[in-house]
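In the text below, chain A, chain B and the rest are named by the order of the sequence lines, each starting its count at 1.
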Amino acid sequence: MAQKPGIPKGTRDFNPEQVAKRNYIFNTIRKRFETFGFQPIETPSFENSETLMGKYGDEGDRLIFKILNSGDYLSKVNESAYKEKDSNTLTSSISEKALRYDLTVPFARYVVQHQNEIEFPFKRYQIQPVWRADRPQKGRFREFYQCDADVVGSDSLWQEVEFIQLYDSVFSSLKLEGVTIKINNRKILSGIAEVIGASDKLIDFTVALDKLDKIGEEKVKEEMRSKGILEEGINKLQPLFTLSGSFESQIESLKSILSSSEEGIKGIEELAFINEAISQLGLETATLQLDVTLARGLNYYTGAIFEVAAPKGVQMGSIGGGGRYDDLTGIFGLKNVSGVGISFGLDRIYLVLEELNLFPNTVTKNVEVLFINFGEQEALFSLKAIKLLRSEGINAELYPDTAKMKKQMNHANKRAIPFVVLVGEQEMTSDTYTLKNMTSGEQTKVSLIELIEAIR
RNA sequence: GUGGUUGUAGCUCAGUUGGUUAGAGCGCCUGAUUGUGGUUCAGGAGGUCGUCGGUUCGAGACCGAUCUUCCACCCCA
């Protein structure tokens with residue numbers, strides 16, 4: 001047993017039941033994406049390192065899986081970097097490719113590369129695995145699937161409205177009711193930073209603010225102080241910490257806080273527009289909530305920021321996220337193309353559905369009838385019937401070996417196959433089939449027509 | 001990347017301050033039952049105690065390293 005094989009940390013095998021459940025989620029999401037007018041694309045598992053590096057911040061670079069060059073990679077190595085044990089410089093000389101870290105940056109690369117073939121606005125969806133060299137935890141893996149839908153080439157705020165509808169539609173289809181779609185706006189965060197005189201410390205400021213519900217008001221203030229934000233500014237934030245109530249009343253409070261910031265006011269207007277549209281259109285099962293502490297993906301989000309929280313009572317990080325990035329393709333040289341998109345975390349949604357017992361019983365498509373194998377003649381006779389059953393859309397199979405009946409019955413039992421058919425000498429001569437219901441134990445002799453009717 | 005945690009049969013877990021041959025339940029295999037599974041009864045197989053090294057007369061237990069699990073940071077789906 002010492003030599004038992006294993007798989008790398010943070011990766012998983014999926015058994016037939018798990019694959020069926022995962023496909024159920026994939027298919028539901030795919031169906032909703034297409035209903036909303038998105039078209040699928042796929043990109044390679046790995047990209048040139050320069051496409052990915054530097055796009056996710058220093059932290060992101062650390063979590064990108066690098067692929068070692070083929071061949072005698074050490075011969076081309078930078079001599080001084082090797083001697084100095086300078087990992088950063090050395091990495092770029094021995095690795096030129098890296099596994100994709102998310103689907104958004106490869107999509108931006110795709111848009112720039114194919115800009116002349118694409119009809120804008122372009123709505124694409126993409127369901128593929130991504131890799132992160134992270135430490136695994138519950139709901140955090142080193143290989144996991146993202147399901148992304150993005151629109152590029154439209155500044156319209158109706159897109160944001162559509163994405164909120166799409167989130168609602170997908171989670172409602174999955175019967176995952178009571179999710180909270182949190183929304184914020186980068187412009188509001190910039191506005192606040194401006195008002196408190198910390199525009200140059202926007203990232204530090206928002207990272208600290210983002211932790212409010214986790215570490216509390218005092219610790220957040222402490223972190224801001226340690227990042228060099230002035231006490232005077234922090235005092236101005238006070239109304240923010242106690243912000244609550246409806247979407248509308250929060251917007252009113254923000255208006256007074258941000259009255260001196262042009263950008264902040266713009267952000268408020270955007271949020272108000274989106275909220276107004278959503279209240280007119282309505283949501284099936286989700287709730288839209290303004291959360292000014294929401295600050296994800298600031299490395300490229302410029303407008304709306306989304307995050308989806310699982311229903312209350314389920315211990316799970318966010319099950320989806322997204323936002324508006326006005327200039328994502330700019331990093332690849334294509335200016336003035338705005339994008340906005342959302343992502344679903346398949347693996348986390350799976351864990352939530354499992355915990356809440358929300359997978360339909362029908363996701364695993366089992367064999368419905370097993371024919372017992374009594375010998376060569378009987379097997380051939382059975383396969384003729386099986387061929388007909390299959391043409392009627394019934395999942396049927398023959399036990400492949402002429403094993404003891406006990407073994408064959410046991411096999412049917414363990415696989416939870418609901419019907420077993422016995423065809424021996426008696427049945428062959430009378431052209432009948434002995435059908436056994438494995439749940440009730442009842443056994444009847446029927447014709448082929450009756451057999452089809454009984455199983456269907 | 002930092003700090004902590006976990007690993008004993010296919011699965012879930014016992015195993016005393018270091019002391020003969022490491023246990024249980026479930027599962028698995030065989031038979032009771034040669035054309036009948038799920039229940040019952042009888043019997044059986046299965047462990048380099050994560051891996052490597054160290055301390056010791058003696059290690060599943062103690063020490064170190066490493067891998068793995070889970071958790072908190074960091075960050076994030």
message: For Glu222(A), is there an ion pair with Arg225(A) - N to carboxylate O distance below 4.0 angstrom?
response: no
message: Under 4.0 Å, heavy atom to any atom of RNA chain B: which of residues 442-456 of chain A qualify?
response: Gln443(A)
statement: Within residues 141-151 of chain A, those residues having any heavy atom closer than 4.0 Å to RNA chain B are Phe141(A), Phe144(A), Gln146(A)
query: Based on Watson-Crick and G-U pairs with both distances under 3.5 Å, what dot-bracket line describes RNA chain B 5' to 3', crossing pairs as [ ] and inter-strand pairs as |?
result: ((((..(..((((.....[...)))).(((((.......))))).....(((((..]....))))))..))))....
- request: Would you kindly check if the NZ (Lys) or CZ (Arg) of Arg132(A) is within the cone defined by 45 degrees around the ring axis of Phe144(A) and under 6.0 Å from the six-membered ring centre?
  value: no
message: A quick test of your reading: do over 12 heavy atoms of other residues, nucleotides or ligands sit less than 6.0 Å from CD of Gln39(A)?
response: no
Output a table of donor-acceptor pairs, distance under 3.5 Å, between side-chain atoms of residues 394-405 of chain A and any protein atom two or more places apart or on a different chain; print 'none' if there are none.
residue	atom	partner	partner atom	Å
Asn395(A)	ND2	Asn366(A)	O	3.2
Glu397(A)	OE2	Arg415(A)	NH1	2.6

What protein N or O atoms touch nucleotides 30-33 of chain B N or O atoms at under 3.5 angstrom, if any, and at what distances?
residue	atom	partner	partner atom	Å
G31(B)	OP1	Lys404(A)	NZ	2.6

- request: Can you tell me the distance, in whole Å, between the CD atom of Glu307(A) and the P atom of C76(B)?
  value: 10 Å
task: Calculate the interatomic distance between Gln137(A) atom CD and C75(B) atom C1'; express it in whole Å.
output: 10 Å
task: Using a strict 4.0 Å threshold on nitrogen-to-oxygen distance, state whether Asp61(A) and Lys55(A) make a salt bridge.
output: no
- prompt: Taking only residues two or more places apart in sequence or in another chain, which ones pass ring pair (Phe, Tyr, Trp, His ring centres under 6.0 Å) with Tyr350(A)?
  reply: Phe359(A)
Could you list the donor-acceptor pairs under 3.5 angstrom formed between side-chain atoms of residues 30-37 of chain A and any protein atom two or more places apart in sequence or on another chain?
residue	atom	partner	partner atom	Å
Arg30(A)	NH1	Asn27(A)	OD1	3.1
Arg32(A)	NE	Ser169(A)	OG	2.7
Arg32(A)	NH2	Ser169(A)	OG	3.2
Glu34(A)	OE2	Tyr125(A)	OH	2.6
Thr35(A)	OG1	Lys31(A)	O	2.7

- prompt: Has Lys138(A) got a side-chain N or O lying under 4.0 Å from the OP1 or OP2 atom of U69(B)?
  reply: no
Nearest-0.5 Å distance that lies between atom CG in Leu157(A) and atom CG in Leu271(A): 9.5 Å
- prompt: Salt bridge between Glu223(A) and Lys227(A), side-chain N to carboxylate O under 4.0 Å?
  reply: no
query: If the C1' atom of G35(B) is compared with that of C41(B), how far apart are they to the nearest Å?
result: 23 Å
task: Can you tell me the distance, in whole Å, between the OH atom of Tyr101(A) and the P atom of C76(B)?
output: 6 Å
message: For Glu354(A), give me all partners under side chain to side chain donor-acceptor pair (under 3.5 Å), at least two apart in sequence or on another chain.
response: Lys21(A)
task: Kindly indicate whether the side chain of Phe141(A), heavy atoms from C-beta on, has any atom under 4.5 Å from the side chain of Pro136(A).
output: no
message: OP1 or OP2 of U36(B) versus the side-chain N and O atoms of Lys436(A): is any pair under 4.0 Å?
response: no
message: So if I take residues 28-62 of chain A and measure heavy-atom distances to RNA chain B, which residues fall below 4.0 Å?
response: Glu59(A), Arg62(A)
statement: Closest to the side chain of Arg135(A), out of A72(B), C75(B), A77(B), is A72(B)
field: Same-atom distance (P) from C70(B) to U12(B), integer angstrom
entry: 13 Å
message: Determine whether a donor-acceptor pair (one donor, one acceptor, N or O, separation below 3.5 Å) exists between the side chain of Asn413(A) and the base of G37(B).
response: yes
- request: List for me each residue that meets ring pair (Phe, Tyr, Trp, His ring centres under 6.0 Å) alongside Phe163(A), sequence neighbours excluded, and say none if there are none.
  value: Phe38(A)
- prompt: Does Ser318(A) have any side chain to side chain donor-acceptor pair (under 3.5 Å) partners at least two apart in sequence or in another chain, and if so, which?
  reply: none
- request: Sticking with atom P, work out how far G46(B) lies from C29(B), rounded to a whole angstrom.
  value: 16 Å
query: What residues, two or more places apart in sequence or in another chain, satisfy ring pair (Phe, Tyr, Trp, His ring centres under 6.0 Å) together with Phe332(A)?
result: none
message: Between C49(B) and A9(B), how far apart are the two P atoms, rounded to whole Å?
response: 10 Å
- request: Might you confirm whether atom CD of Glu42(A) has over 12 heavy atoms from other residues, nucleotides or ligands at distances under 6.0 Å?
  value: no
- prompt: Does OP1 or OP2 of U36(B) have a side-chain N or O of Gln408(A) closer than 4.0 Å?
  reply: no
task: If the plane angle is over 60° it's perpendicular, under 30° parallel, otherwise tilted; pick one for Phe107(A) and Phe122(A).
output: tilted
- prompt: Should Lys436(A) and Glu442(A) count as an ion pair when the cut-off is N to O under 4.0 Å?
  reply: no
